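Written below as structure tokens is the structure these notes are about.
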Amino acid sequence: MTAPPDEPPLVPRPAATVMLVRETSARDLAVFLMRRHSQMEFAAGVMVFPGGGVDDRDRNADIAWAGPPPQWWAQRFGIEPDLAEALVCAAARETFEESGVLFAGPADQAGSGPDSIVGDASVYRDSRHELASGALSFGDFLRRENLVLRSDLLRPWANWVTPEAERTRRYDTYFFVGALPAGQRADGENTESDRVGWTTPQAAIDDFAAGRSFLLPPTWTQLDSLAGRSVAEVLAVERQIVAVQPHLEIQGDNWIFEFFDSDRYHQAREAGGMGWAF
């Protein structure tokens with residue numbers, strides 16, 4: 001739904017999403033994607049990365065932290081440290097809730113060795129359900145299990161803001177990338193998706209162009225930026241993030257996204273028989 005021209009735009013809600021990657025070969029990687037359930041109110045049937053809005057309890061969570069501090073993240077994203085801390089917390093929480101992958105390690109195992117990262121997150125399945133239901137905060141979960149958030153397992157990647165014309169809901173979404181920790185597995189045990197799996201970025205782009213799936217511009221753009229890279233190359237990228245806010249304009253009966261690479265996106269969308277914009 002779009003806004004009448006005389007109404008002020010909705011204030012976008014901060015959100016975090018994580019591109020979870022793993023190696024497939026020396027020169028490529030796989031990324032974890034989920035298809036949102038057809039009954040979802042927002043973006044039903046769309047392929048997405050794990051993620052969601054910042055919870056009030058992600059702010060000032062007072063959690064044990066290992067890796068780059070909030071100030072480092074704030075500088076990379078160009079935001080205040082308190083928001084940066086909440087976004088990293090939300091990124092780790094949402095990834096755990098939606099895929100079962102946990103970017104954390106034992107508080108008594110400092111360092112960068114394999115023992116300093118959770119190797120089997122399935123032992124926290126009950127806590128995962130409590131987090132998803134809202135009965136437990138991420139900070140309380142970490143404290144209860146004597147774990148520390150491992151911000152060093154994540155990297156900043158992008159920032160996209162929902163167009164001002166959107167009236168249903170708007171998000172100020174910060175994209176992270178993180179490699180699947182050794183010993184852990186990603187699954188589809190959540191209530192928001194009906195299909196999940198690993199695919200190469202190029203295969204996901206090709207599925208969209210063939211009409212076998214649908215990607216919104218932010219997801220398509222991030223997949224395009226990952227295509228042909230290895231996990232090591234992606235994790236080595238140093239980015240100063242610049243916000244992207246697409247423009248929505250009407251063309252015929254469709255609202256069309258306009259952004260820096262929209263021509264390529266719309267060519268792929270039309271090739272797949274997707275005559276609608278979103």
Side-chain angles (χ1 to χ4, degrees), residues 1-19 34 36-61 70-71 73-91 93-94 97-98 134 137-138 156-176 192 214-222 225 239-266 269 274-278:
M1 182 182 298
T2 55
D6 57 341
E7 288 190 14
L10 297 173
V11 176
R13 177 187 177 188
T17 191
V18 176
M19 299 183 292
M34 313 186 307
R36 287 177 62 83
H37 198 282
S38 61
Q39 301 304 310
M40 294 295 292
E41 180 180 353
F42 178 73
V46 172
M47 303 300 292
V48 297
F49 308 112
V54 169
D55 188 284
D56 287 342
R57 293 179 296 179
D58 294 326
R59 301 176 185 272
N60 304 311
Q71 292 79 5
W73 290 95
Q75 183 181 40
R76 296 306 188 280
F77 280 132
I79 56 179
E80 294 299 317
D82 59 341
L83 176 57
E85 180 178 12
L87 286 164
V88 175
C89 186
R93 175 182 55 76
E94 288 282 347
E97 289 180 15
E98 296 188 354
S137 74
F138 194 60
W157 197 259
N159 175 210
W160 280 62
V161 183
T162 306
E164 291 186 354
E166 175 58 47
R167 292 304 296 168
T168 303
R169 63 190 71 190
R170 295 185 67 216
Y171 290 102
D172 186 0
T173 303
Y174 293 81
F175 287 79
F176 298 76
E192 296 188 3
F214 190 73
L215 301 168
L216 288 170
T219 309
W220 178 87
T221 302
Q222 307 325 313
S225 72
R239 285 188 161 193
Q240 180 65 49
I241 309 304
V242 177
V244 176
Q245 181 173 293
H247 175 69
L248 276 179
E249 67 176 39
I250 193 167
Q251 293 184 9
D253 295 329
N254 298 323
W255 282 92
I256 303 297
F257 286 98
E258 296 295 338
F259 60 99
F260 63 88
D261 210 8
S262 56
D263 287 347
R264 290 181 58 227
Y265 171 79
H266 291 308
R269 176 178 58 81
M274 303 291 186
W276 40 286
F278 59 95

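The basis for the numbers below is simple: all heavy atoms, side chains too, and nothing from hydrogens, waters or symmetry mates. Every value quoted in this text rests on a predicted model; they were computed, and no experiment measured them.
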Legend entry - W220 side chain reached by R269 side chain, heavy atoms, under 4.5 Å: no

Inset, instruction - Could you tell me whether the side chains of N60 and D82 share a donor-acceptor contact shorter than 3.5 Å? - result: no

Inset, instruction - Please answer whether the main-chain N or O of P218 pairs with a side-chain N or O of Q222 as donor and acceptor at a distance below 3.5 Å. - result: yes

Legend entry - Side-chain heavy-atom pair P156, W73 within 4.5 angstrom cut-off: yes

Legend entry - Side chain E98, main chain G51, donor-acceptor under 3.5 Å: yes

Legend entry - Test item: I79 and N159 side chains (from C-beta on) under 4.5 Å apart, heavy atoms: no

Inset, instruction - Would you indicate whether the side-chain heavy atoms of R239 and W157 approach each other to under 4.5 Å? - result: yes

Inset, instruction - Indicate yes or no: does D58 engage R93 in a salt bridge with an N to O separation below 4.0 Å. - result: yes

Inset, instruction - Measure the shortest side-chain to side-chain distance between F214 and V46 over non-hydrogen atoms and say whether it is less than 4.5 angstrom. - result: yes

Inset, instruction - Go through W160 and T221 one step at a time and tell me if the side-chain hydrogen bond (donor to acceptor under 3.5 Å, both in side chains) criterion holds. - result: CA-CA 10 Å; W160 280 62; T221 302; 5.5 Å; no

Legend entry - Approximate separation, where rounding is to 0.5 Å, of M47 CE and T219 OG1: 9.5 Å

Legend entry - Minimum heavy-atom distance between P50 and T17, given as atom pair plus value: O-OG1, 2.8 Å

Legend entry - Donor-acceptor contact present, side-chain T173 to main-chain A16, <3.5 Å: no

Inset, instruction - Write down the atom of P70, the atom of P81, and the distance for their closest heavy-atom approach. - result: CB-O, 3.7 Å

Inset, instruction - Determine yes or no for a side-chain-to-main-chain donor-acceptor pair under 3.5 angstrom, with R59 supplying the side chain and V54 the backbone. - result: no

Inset, instruction - Check whether more than 12 heavy atoms from other residues, nucleotides or ligands sit under 6.0 Å from atom CG of D261, and answer yes or no. - result: yes

Could you list the donor-acceptor pairs under 3.5 angstrom formed by side chains in residues 240-247, with sequence neighbours left out?
unit_1 : atom_1 : unit_2 : atom_2 : d
Q240   : NE2    : Q75    : O      : 2.9
Q240   : NE2    : R76    : O      : 3.0
Q245   : OE1    : R170   : NH2    : 3.3

Legend entry - Value rounded to 0.5 Å, distance of CD in E94 from CG in D55: 8.5 Å

Inset, instruction - Give a yes or no on whether the ring-centroid distance for F257 and Y265 is below 6.0 angstrom. - result: no

Inset, instruction - Check whether any side-chain N or O of T162 sits under 3.5 Å from a backbone N or O of Y171 as a donor-acceptor pair, and report yes or no. - result: yes

Legend entry - Smallest separation among heavy atoms of A84 and A74, with atom names: CB-N, 3.6 Å

